[in-house]
Amino acid sequence: MHTHPEFRSISATYRRFGVWATTLSVGGFLVYVLLSSFVPGLLNERLIGHLTVGLILGLAQFAIMGVTAWLYVRHMRKNVDPVARRLRAQLEEREAEQQQRRIPAGRRFRTW
């Protein structure tokens, strides 16, 4: 099964998306941390009342994670799940054929 071209395409698609999603998530967090370390004056700028740029960017981390999770689910449903279902059906067909060819253990030795 590991040598099947569709299985390899699933693995490659999964890896590509994983790299992209990790870059987005970790990159967003890293930008926030670097800004808070090297440009604290910018993050302390007030927008409305007690709401600062830093607080907005901190809350944006939740949005980035939510968008990343939503994109992951959408990507898997669209690109990976149909191929995985097709491969699973093929594998189950092969196993059923092999099962039919086997002689049950009880009939082989005429026990009981």
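Remark: the backbone N or O of E6 is paired with a side-chain donor or acceptor of S9 at under 3.5 angstrom. Looking at T22, its side chain never comes within 3.5 Å of a backbone N or O of V19 through a donor-acceptor pair.
Atom CG of L59 has more than 12 heavy atoms from other residues, nucleotides or ligands within 6.0 Å.
L30 contributes atom CG, which lies 12.0 Å from atom OG of S25 (distance to the nearest 0.5 angstrom). Taken to the nearest 0.5 Å, the CG atom of L55 stands 11.0 Å off from the CG atom of N44. The structure places CD of E92 at 11.0 Å from CD of Q90, a figure rounded to the nearest 0.5 Å.
Counting heavy atoms from C-beta outward, V53 and L35 have side chains that stay 4.5 Å or more apart. The closest side-chain heavy-atom distance from Y14 to M76 is below 4.5 Å.
Cluster annotation: V26 is not connected to V31 through the hydrophobic network of ILVMFWY side chains, with a link wherever side-chain heavy atoms come within less than 4.5 Å.
Of the candidates L57, I56, T52, L57 is the only one forming a side chain to side chain contact (heavy atoms under 4.5 Å, CB included) with L43.
Heavy atoms only, all atoms of each residue included: G28 and Q61 are closest at O-NE2, 3.2 Å. Heavy atoms only, all atoms of each residue included: A21 and T68 are closest at CB-CG2, 3.7 Å.
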Next item on the list: For I10 and L87, run side chain to side chain contact (heavy atoms under 4.5 Å, CB included): C-alpha distance rounded to whole Å, both residues' side-chain angles, the deciding distance at 0.1 Å, then the answer.
Entry: CA-CA 10 Å; I10 288 176; L87 287 173; 3.8 Å; yes
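Aromatic ring pairs are classed by plane angle as parallel below 30°, tilted from 30° to 60° and perpendicular above 60°; the pair Y72 and F17 is tilted.
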